[in-house]
Chemist: 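This is the structure, below, for whatever I ask next.
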2 protein chains.
Amino acid sequence: MLDNFFDKLSNGITLTEADKAIFRQHVIVKKLRKRQYLLQEGEICKSVAFVSKGMLRSYFVDEKSNEHIIQFAPEGWFISDLYSFITEDSSNLNIDAIESSELILITKTAHVYLEKAVPEFFKFNYMQYRGAYISLQKRLTDMFTLSTEEKYTKLLKIYPDIMQRVPQHMIASYLGLTPETLSRIRKKLIAKKDKF
Amino acid sequence: MLDNFFDKLSNGITLTEADKAIFRQHVIVKKLRKRQYLLQEGEICKSVAFVSKGMLRSYFVDEKSNEHIIQFAPEGWFISDLYSFITEDSSNLNIDAIESSELILITKTAHVYLEKAVPEFFKFNYMQYRGAYISLQKRLTDMFTLSTEEKYTKLLKIYPDIMQRVPQHMIASYLGLTPETLSRIRKKLIAKKDKF
DNA sequence: TTGATTCATTGATTTGAATCAATAGTATTT
DNA sequence: AAATACTATTGATTCAAATCAATGAATCAA
């Protein structure tokens, strides 16, 4: 059940069987049907979710009720609203399942406890946050630098698997484009390809 | 000399005098004149800098040789290219002094050593990365949501001190605008204000 | 102090993406 | 299988910001 989860952790830190037993005691397994929410705007984000199966997304809705996707989280990824999780302020984000999914939830108290009880987990999170920061910085600079077309092709290149599984308008939303614009870009790309 | 630096650290963790002594032994004080580089594109980022006086900026240059400012770092802030610092790959960024500045440098070996020797420093960095990630996410969502005018006024509101000290075209660069556009926005804002 | 850069403003024009609108195609549901 | 809801495409138009270009201010260095 927690295999994927332990695999992920082992990819960076080393866990003893005793450590794993502690995790098993403090973690919650949860299933989510397609379109079900894990978190809704206004709630406090009570846990960090590891996706062991399926795919979730986090997004916010602006005043014009446009959705902006912040993150896709397929199997092997973590998702949560870190801001709300840390501060216990109410969240501006929604998190829901794009596909029927299976999650490992770590509640706030569990998270605090586990970081103390399993120092390697603290270290894991340290690296996780640091890595997330670095990736996000890359994403931001790409936003500034790349043309719309380049943003799209780069995304396809980096996450071909995710892009395959996600409806086109969500890709547009992640890139900060309208679905119309993305549709036109794809048309242009196909035209280019056909030339050769 | 290191007062500002210890103040910053103490704002989150507790350091003993012994800890401080260790820091004093492993840290380098450096002065930088206005326009001098701390890091240039192509180099490996060898240290994290704490700004005790003055102000630096990090930025990259795109193919059209436009500068894009990633971060301003006035006194009390850290700056570096974390990506290059961690991976020891060569950096795409430049870091230079906007004003004549005074820095506390922590080299990579010092950083690794200090995190071991002063566990509280490890904890500090954990929080630092986590916080930086959360702020960056806010910045990204603002990029998507806010109008150009709103981005500018929000920036003024959050960092009035920094905006005071920085030339206008750098603010434009930070916001991802041309200097012309920012100039026109300011004109519009002044016109609005004059109405009341 | 006087050139020389660098910086900010303003105007005219172009351009890329958003918006508005309609239609066709694809899934879901009952 | 029909009905209803999503999803993607295409066209026409609008709009905000970039680009191009010129001038005026301010800062810097000799």
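Computed over heavy atoms, backbone and side chain alike; hydrogens, waters and symmetry mates excluded. Within every chain, numbering begins at 1; the chains are lettered A, B, ... in the order of the sequence lines, protein sequences first and strands thereafter.
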Chemist: Given atom CD1 of B:I185 and atom C1' of C:dA8, what is their separation to the nearest angstrom?
Modeler: 14 Å

Chemist: Let me spell it out: for each of B:T178 and B:K34, pick the nucleotide of DNA chain D with the closest heavy atom. Which residue's pick is nearer the 5' end?
Modeler: B:T178

Chemist: Given atom CD1 of A:I171 and atom P of D:dA8, what is their separation to the nearest angstrom?
Modeler: 8 Å

Chemist: Please confirm whether the shortest side-chain N or O distance from B:K187 to OP1 or OP2 of C:dT9 is below 4.0 Å.
Modeler: no

Chemist: Please determine, for D:dA30, whether a Watson-Crick or G-U wobble partner exists with both distances under 3.5 Å, and give it or none.
Modeler: C:dT1

Chemist: Mark yes or no for a side-chain to base donor-acceptor pair under 3.5 Å between B:E180 and C:dC7, with no hydrogen or angle criteria applied.
Modeler: no

Chemist: Return the value, rounded to whole Å, for the distance between atom NZ of A:K188 and atom P of D:dG11.
Modeler: 15 Å

Chemist: Do you know the tightest heavy-atom contact between B:R33 and B:A97?
Modeler: O-CB, 3.5 Å

Chemist: Without decimals, in angstroms, what is the distance between A:M163 CE and D:dA8 P?
Modeler: 13 Å

Chemist: Testing the basics here: between B:F78 and B:Q71, what is the closest heavy-atom pair and its distance to 0.1 Å?
Modeler: O-NE2, 3.0 Å

Chemist: Between A:E102 and A:K30, is the closest basic N to carboxylate O distance under 4.0 Å?
Modeler: no

Chemist: For the pair made of CZ in B:R186 and C1' in C:dC7, what is the distance, rounded to whole Å?
Modeler: 12 Å

Chemist: On DNA chain C, does the nearest nucleotide to B:R35 precede the nearest nucleotide to B:R184 from the 5' side, or the other way round? Give the residue.
Modeler: B:R35

Chemist: Quick one: B:H169 NE2 to D:dA18 P, roughly how many Å, whole number?
Modeler: 16 Å

Chemist: What is the minimum heavy-atom distance between A:P74 and A:M55, and which atoms define it?
Modeler: CB-SD, 3.9 Å

Chemist: Once you round it to whole Å, what is the distance between C1' of C:dA27 and CZ of A:R165?
Modeler: 19 Å

Chemist: Across the strands shown, which category fits B:L182 at heavy-atom distances under 4.0 angstrom: base, sugar-phosphate, nothing?
Modeler: nothing

Chemist: For a quick test of reading the model, state the closest non-hydrogen atom pair linking B:F85 to B:I106 and the distance between them.
Modeler: CE1-O, 4.2 Å

Chemist: Can you identify which nucleotide, out of C:dT10, D:dA8, C:dA18, has its nearest atom closest to the A:P167 side chain?
Modeler: D:dA8

Chemist: Between D:dA17 atom C1' and B:E150 atom CD, what is the distance in whole Å?
Modeler: 16 Å

Chemist: What nucleotide, of C:dT9, D:dA17, D:dT19, holds the atom closest to the side chain of B:T181?
Modeler: D:dA17

